[in-house]
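Scroll down for the structure; my scribbles are underneath it.
Remember, it's a predicted structure, so these values are computed and weren't measured experimentally.
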Amino acid sequence: MTKHTDDYDHELERLQTALVRFQQAEIKAGGKILVIFEGRDAAGKDGAIKRITEHLSVRNTRAIALPRPSDREQSQWYFQRYVHHLPAAGEVVLFNRSWYNRAGVEPVMGFCTPAEHETFLRDVSGFEAMLAGSGLRLVKLWLDISREEQAQRLKARRNDPLKALKVSPLDALAEEKWDDYTEARDQMLRRTHTDAAPWVIVRTDHKKAARLNTIRYLLNLLAPKAIFKAVDKPDPDVVFEFEAQALTDGRLAR
């Protein structure tokens with residue numbers, strides 16, 4: 001085992017211990033935490049969520065990855081099926097993709113109409129403001145990956161039998177429609193980044209650095225001072241709050 005791997009494993013264990021202490025405090029305080037993970041295919045959402053939840057309470061932690069909506073769900077108010085999964089007191093919920101499907105996958109793939117896409121972009125900030133106003137603490141993470149790294153990961157996924165369940169017919173289209181997804185991402189970030197629910201960018205070409213810095217960010221943002229004071233601040237070259245300049249200054253993949 002290399003020293004680099006040793007260092008990563010040691011730091012991950014230290015951060016996971018802090019996450020456990022944080023959850024103990026949240027359960028006692030009755031806090032409600034919702035963390036949204038968005039990003040292109042192969043950006044590392046599954047891996048980040050796995051490391052965050054690995055040692056947390058099964059009863060108080062839920063990782064939600066919803067399937068394609070049923071015909072009945074398609075007839076509902078768009079946010080309805082997500083509301084069912086929002087956290088109650090003492091719970092941490094992590095969405096592996098969320099209502100932001102309507103800002104990315106759905107318009108790019110033609111799964112919603114332009115009018116439905118526009119309605120979502122118009123309404124989502126008000127919806128999130130209501131959640132924040134109710135006492136729920138909402139964190140929105142965009143996991144950003146370069147075109148080259150995505151192609152390498154998708155190729156490796158296709159050739160690894162242990163990752164067969166991750167392979168999707170949409171994988172090839174993720175590469176083919178890269179520019180369309182970029183345009184949809186840019187519009188989503190510009191129009192849905194608000195004071196009540198800001199977007200935070202995580203650069204994920206280096207998986208281990210992304211995972212460690214994501215956990216550091218969450219602890220520094222959410223945990224009591226007695227816990228986060230022992231945690232390093234996230235590397236600003238890996239994790240940073242979205243700002244419009246990031247669309248053109250090279251910080252976001254194009």
Please determine if [X] and [Y] form a salt bridge, counting it only when a charged side-chain N lies under 4.0 Å from a carboxylate O.
| X | Y | result |
| --- | --- | --- |
| Glu11 | Arg216 | yes |
| Glu26 | Lys32 | no |
| Glu149 | Arg203 | no |

So, for [X] and [Y], which heavy atoms are closest and what is the spacing to 0.1 Å?
| X | Y | result |
| --- | --- | --- |
| Ala184 | Val108 | CB-CG2, 3.9 Å |
| Ala196 | Ala132 | O-CB, 4.2 Å |
| Ala103 | Met188 | CB-CG, 3.7 Å |
| Asp235 | Asn213 | N-OD1, 2.7 Å |
| Glu128 | Thr192 | OE1-O, 4.4 Å |
| Ala223 | Phe228 | O-CD2, 3.0 Å |

Do [X] and [Y] touch side chain to side chain, with heavy atoms closer than 4.5 Å?
| X | Y | answer |
| --- | --- | --- |
| Leu154 | Glu175 | yes |
| Leu136 | Pro87 | yes |
| Ile52 | Ile215 | yes |
| Val202 | Asp144 | no |
| Ile64 | Tyr82 | no |
| Leu86 | Val93 | no |
| Leu19 | Gln23 | no |
| Tyr100 | Arg185 | no |

Could you tell me whether [X] atom [atom1] has more than 12 heavy atoms of other residues or ligands within 6.0 Å of it?
| X | atom1 | result |
| --- | --- | --- |
| Glu243 | CD | yes |
| Glu13 | CD | no |
| Asn159 | CG | yes |
| His85 | NE2 | yes |

Using the ring of Tyr8 (Phe, Tyr or Trp, six-membered ring only), decide whether Lys208 places NZ or CZ under 6.0 Å from its centre and within 45 degrees of its axis.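 The answer is yes, since Lys208 meets both limits relative to Tyr8.
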May I ask you to check if Arg254 and Trp178 form a cation-pi contact, with NZ or CZ under 6.0 angstrom from the six-membered ring centre and within 45° of the axis?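 Judged by the rule (NZ or CZ under 6.0 Å from the ring centre, within 45° of its axis), Arg254 is not positioned above Trp178.
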Check the pair Thr113 / Glu116 against side-chain contact (heavy atoms from CB on, under 4.5 Å), numbers first and verdict last. CA-CA 5 Å; Thr113 67; Glu116 288 170 332; 3.2 Å; yes
Quick one: does [X]'s side chain have a donor or acceptor within less than 3.5 Å of a partner on [Y]'s backbone?
| X | Y | result |
| --- | --- | --- |
| Thr204 | Lys207 | no |
| Thr53 | Leu56 | no |
| Lys177 | Met109 | no |
| Ser75 | Arg72 | yes |
| Asp123 | Phe120 | no |

Could you go step by step and tell me if Lys140 and Val200 meet the side-chain contact (heavy atoms from CB on, under 4.5 Å) rule? CA-CA 6 Å; Lys140 302 191 308 192; Val200 173; over 6 Å; no
Can you measure from [atom1] ([X]) to [atom2] ([Y]) and round to the nearest 0.5 angstrom?
| X | Y | atom1 | atom2 | result |
| --- | --- | --- | --- | --- |
| Phe95 | Leu66 | CZ | CG | 6.5 Å |
| Ile27 | Glu91 | CD1 | CD | 9.5 Å |
| Ile49 | Glu54 | CD1 | CD | 13.5 Å |
| Arg40 | Arg153 | CZ | CZ | 12.5 Å |
| Leu138 | Met130 | CG | CE | 12.5 Å |
| Ser98 | Glu38 | OG | CD | 4.0 Å |

Please verify the inter-ring angle class for Phe79 with Phe127; under 30° counts as parallel, over 60° as perpendicular, anything in between as tilted.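 Plane angle under 30°, so parallel.
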Can you hop from [X] to [Y] via hydrophobic side chains spaced under 4.5 Å?
| X | Y | result |
| --- | --- | --- |
| Leu222 | Leu131 | no |
| Tyr78 | Val105 | no |
| Val83 | Val124 | yes |
| Ile36 | Leu219 | no |
| Leu141 | Val238 | yes |

With salt bridge (Lys or Arg N to Asp or Glu O under 4.0 Å) as the test, pick out the partner of Asp41 among Arg97, Arg158, Arg157.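 When salt bridge (Lys or Arg N to Asp or Glu O under 4.0 Å) is applied between Asp41 and each of Arg97, Arg158, Arg157, only Arg97 qualifies.
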For His193, the option from Phe242, Trp199, Trp142 that meets ring-ring contact (aromatic ring centres under 6.0 Å, His included):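 With His193 as partner, Phe242, Trp199, Trp142 yield a single ring-ring contact (aromatic ring centres under 6.0 Å, His included), made by Phe242.
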Working for side-chain contact (heavy atoms from CB on, under 4.5 Å), residues Arg81 and Gln74: CA-CA 9 Å; Arg81 74 182 187 135; Gln74 287 180 330; over 6 Å; no
Side chains of Tyr217 and Lys233: do they bring a donor and an acceptor to under 3.5 Å?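 On atom types as modelled, these side chains do not qualify, holding no pair under 3.5 Å.
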Would Ile33 and Val35 count as a side-chain contact (heavy atoms from CB on, under 4.5 Å) here? Give the steps. CA-CA 7 Å; Ile33 307 294; Val35 185; 4.0 Å; yes
